[in-house]
Amino acid sequence: MRTSQYLLSTMKETPADAEVISHKLMLRAGMIRRLASGMYTYLPSGVRVLRKVEQIVREEMNKAGAIEVLMPLVQPAELWQESGRWEKMDAELLRFVDRHQRDFVLGPTHEEVITDLVRREITSYKQLPLNLYQIQTKFRDERRPRFGVMRAREFLMKDAYSFHLSQESLQQTYDAMYSAYCNIFNRLGLDYRPVLADTGAIGGSVSHEFHVLAASGEDAIAFSDTSDYAANIEMAEAKAPAGPRPAPTQQLTQVATPGAKTVAEVAALLQQPASQISKTLIVYAAKASDDAPQTLVALVLRGDHELNEIKAEKLPQVASPLVFASEEEIRAVMGAGPGSLGPVKCPLPLIVDRSAAHLADFSCGANQDGFHLTGVNWDRDVTDYQVADLRNVVEGDASPCGFGKLVIKRGIEVGHIFQLGDKYSQAMKAGVLNEEGKHQIMTMGCYGVGVSRIVAAAIEQNHDERGIIWPDAIAPFQVVLIPMNMHKSVRIAEATELLYQQLTAAGIEVLFDDRKERPGVMFADMELVGIPHHIVIGERNLDNRQVEYKNRRSGATELLAIDEVLAFVNQQLKR
RNA sequence: CGGUGAUUGGCGCAGCUUGGUAGCGCACUUGGUUUGGGUCCAAGGGGUCGCAGGUUCAAAUCCUGCAUCACCGACCA
């Protein structure tokens with residue numbers, strides 16, 4: 001490709017609304033342009049990278065035995081009503097009507113469509129297991145699109161769905177997908193980790209996320225510093241502190257704490273660390289039946305810990321989704337407002353986090369505005385309570401695997417695999433005849449890769465102050481030819497032309513910068529775009545039949561005999 | 001969904017307080033100059049000042065409403 005025939009569209013300045021590095025660089029390097037909030041047009045360089053990622057994903061899926069299909073982006077509402085997600089999903093599901101007043105959605109994912117397809121096509125156990133995938137645009141009307149294509153509303157995703165009659169078969173495919181994903185991210189050249197994950201709204205049991213490690217990642221991941229344990233922080237179990245709880249040494253005392261409401265204020269007033277103070281959160285209790293009156297539950301945490309809403313929701317006593325009680329609701333039962341609450345003489349059922357339950361002589365609200373209690377002790381001052389894991393793990397906690405301590409890092413979720421079970425197949429009655437000739441509901445797995453998000457994640461991990469540094473596998477071009485003053489020098493033009501033809505004929509993706517630009521402009525543009533291998537053709541070196549090679553990542557340069565360029569590039573690309 | 005802020009040429013911004021001929025840098029076009037790291041000089045083209053309404057002799061500027069976009073938050077006890 002010659003730049004004169006290409007749409008390079010690089011920019012010196014960054015549009016003001018770009019926040020993260022990948023977003024800025026994708027705009028500046030001419031990969032994307034914003035059309036509306038969370039929706040982007042891909043320019044030629046962007047498409048090239050996107051297609052490469054897509055192709056690697058496709059090859060590894062095929063290798064792992066999955067079969068490609070393509071389903072519509074627009075889906076009829078009936079399927080979503082059948083699965084129950086029409087009511088369950090909120091505004092994230094974009095709905096609209098066609099000219100016949102029929103309801104449709106823009107597919108945020110394709111469980112319903114694939115389950116509908118499979119229940120029609122698959123009738124016998126002999127046809128199982130089956131793993132179908134597609135690479136298709138999705139639309140999720142995100143609450144808050146941000147970071148360019150990293151959290152866009154419209155994005156490209158590979159999604160696969162597998163169908164089985166037994167857990168063993170599902171596990172086999174799940175394992176195959178796990179290793180296919182490792183192959184994908186290895187080939188992409190990214191620093192990634194598979195981590196244990198919560199199954200969230202999609203449902204199911206076993207689940208792993210694949211994260212590209214980057215400081216700008218939206219997710220926190222907990223790693224053991226000695227084993228290979230890794231889990232999303234939402235999922236990581238907070239173990240009870242080691243050893244027995246210290247014995248009480250202090251008397252229960254009420255102290256006036258006028259105006260002190262937050263843990264920080266109370267800690268300052270009482271001259272105690274936040275870890276010696278408990279905080280009490282009031283949330284909705286789970287209802288026994290739909291028409292039962294709403295009751296409340298009190299959750300108790302150490303002052304320096306955060307509630308993990310996912311863990312709380314999973315408790316049978318707690319309403320799901322989690323709802324915090326309003327101040328009026330709290331006052332009606334507790335007789336005091338938020339900021340003065342505590343477990344002593346608490347009229348609500350108490351659920352205490354493991355770490356909070358390990359405290360002795362701690363402080364808490366007195367359930368009377370403007371007062372706190374000190375010297376509080378479990379079992380002496382509070383008798384009726386239950387202990388559970390309620391909090392997010394923090395750096396330095398004991399690892400749940402039993403080995404080492406936890407380290408917290410940030411990651412970008414680029415892949416997610418689930419064992420779904422029969423959630424969709426049951427709701428949509430997708431079954432086959434088994435060996436005994438009896439109807440049996442299939443069990444399912446689903447496996448996603450965020451193709452467009454990978455592009456952004458790769459940049460987050462591979463850039464410097466001059467621009468993008470593409471891994472060879474996904475670079476828009478592998479090699480760029482940069483001639484010095486080609487428009488004045490026939491020798492340069494001829495030598496560059498020859499190299500261009502040689503490399504192109506060898507199947508290498510070459511960009512030939514034939515613009516009538518000054519050298520500095522070409523260098524700057526090609527570094528911004530991130531092409532991994534640069535060949536500079538200049539008069540001086542040409543006298544010795546040499547050209548200069550420059551590696552974008554290392555910055556190292558060396559002189560090459562002009563006849564050796566092809567062999568050298570092949571070796572660089574490990575072909 | 002709540003809070004804050006922005007909207008002036010393709011991009012980045014000034015002008016608005018105190019109403020009176022719409023400006024700067026980059027980019028673009030033409031000519032010259034320069035040529036191994038975003039040269040320099042000159043001459044040009046390009047703007048319904050987000051939209052609608054109001055105040056005024058006069059509105060980018062003041063007032064009202066709307067739209068779009070961005071950032072922050074969604075632990076608060």
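The chains referred to below are lettered A, B, ... by the order of the sequence lines, with proteins before strands, and numbering in each begins at 1.
Side-chain atoms of A:E548 come within donor-acceptor range of the base of B:G36, with a qualifying N/O pair under 3.5 Å. Side-chain to base pairing of A:N485 with B:G36: no donor and acceptor N or O lie closer than 3.5 Å to each other.
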- Task: Going 5' to 3' through nucleotides 39-44 of chain B, assign each nucleotide B (protein heavy atom under 4.0 Å from a base atom), S (under 4.0 Å only from sugar-phosphate atoms) or - (no protein heavy atom that close).
- Result: B-----
- Note on the structure: With B for base contact, S for sugar-phosphate-only contact and - for none (protein heavy atoms under 4.0 Å), nucleotides 6-15 of chain B reads -----BSS--
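Using a 4.0 Å heavy-atom cutoff across all strands shown, A:R33 reaches no nucleic acid atom at all. At a threshold of 4.0 angstrom between heavy atoms, the contacts of A:R143 include nucleobase atoms, whether or not backbone atoms are also involved. Heavy atoms of A:G538 sit under 4.0 angstrom from at least one base atom. The residue A:L301 sits apart from the nucleic acid: no heavy atom pair falls under 4.0 Å.
Between the P atoms of B:G44 and B:U56, the separation comes to 42 Å (whole Å).
Within 6.0 Å of the CG atom in A:D543, the count of heavy atoms belonging to other residues, nucleotides or ligands exceeds 12.
Side-chain atoms of A:P338 lie closest to B:A77 of the nucleotides B:C69, B:C71, B:A77.
Nucleotide B:G25 is matched to B:C11 when pairs are restricted to Watson-Crick or G-U wobble geometry with both distances under 3.5 angstrom.
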